[in-house]
**Student:** 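The structure's right below; bear with me while I get my questions together.
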Amino acid sequence: MKDFADVIAFHGHVCGGLALGYKACELAAQELGLDFSEDEEIVALTETDSCTVDAIQVLFGCTAGKGNLFVNNWGKTAFSFYRRDNNTSIRLVAIPDAVPKDPRMNELRPKIMRGDATEGENVEYHHLVHEHVDQILSIPAEKLFEIKETTLPLPSEASIYYNVMCSVCGEHVAEGRAKQVDGKYVCIPCQKK
Ligand SMILES: [Zn+2]
Ligand SMILES: [Zn+2]
């Protein structure tokens, strides 16, 4: 399996969310025997759209393009993983404050984001982030997540559709995505107009 350095390279920066996503994958891999998904063998369904999701993309090959990644912006740090070959699945729910953040991090964060932190504050912040990440990475994944049964059904495999022409804009659109209005196809953007 790829490692945390690969995840950082993909994501662009080091952060606690990325480390948490990495640990979720570690636990899911251990529980379900998962490895990199070249096609749609593994399906991931997340209940958050945070940085965590990028770890799943890199480690399990669950991507937007392959249709085996479903990102829901429900504001819950929870991840469901499914194996299509043997129908096993698992839902991991992050235990709140399993690795508490140094309050100083939350204090500095708005300043860093606004770009008006001093050089000293920048150094301090990044030091705290790295410490936080190291803590997450070094504790057993079982201490970070509650293991539950999946509650949402396994999404169906990506469909392949024929193209039809939208009667409004004249552009090609997958048939399954177009709506028929008075017997004519209309694409989603045109329906919204
Ligand atoms: Zn991040
Ligand atoms: Zn159209």
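Computed over heavy atoms, backbone and side chain alike; hydrogens, waters and symmetry mates excluded. Everything numeric in this text was worked out from a predicted model, so none of it was measured. Just so you know, ligand 1 is whichever comes first in the structure, and atom 1 is the first atom listed for that ligand.
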**Student:** Before you tell me yes or no, could you show the steps for N122 and E119 under side chain to side chain donor-acceptor pair (under 3.5 Å), namely the whole-Å CA-CA distance, both residues' side-chain angles and the distance that decides it to 0.1 Å?
**Tutor:** CA-CA 5 Å; N122 259 307; E119 209 187 307; over 6 Å; no
**Student:** At the Zn ion (ligand 1), what's the angle from C15 SG to C51 SG, rounded to 10 degrees?
**Tutor:** 110°
**Student:** Check this for me, if you would: do D102 and R104 make a salt bridge, where the nitrogen-to-carboxylate-oxygen distance has to be below 4.0 angstrom?
**Tutor:** no
**Student:** How wide is the angle at the Zn ion (ligand 2) between SG in C166 and SG in C187, to the nearest 10°?
**Tutor:** 110°
**Student:** Would the number of heavy atoms belonging to other residues, nucleotides or ligands and lying under 6.0 Å from CZ of R83 be above 12?
**Tutor:** yes
**Student:** Tell me which N, O or S atom from H13 is the closest to the Zn ion (ligand 1).
**Tutor:** NE2
**Student:** Angle at the Zn ion (ligand 2) between SG of C190 and SG of C169, to 10°?
**Tutor:** 110°
**Student:** Any ion pair linking D182 and K184 (charged N to carboxylate O, less than 4.0 Å)?
**Tutor:** no
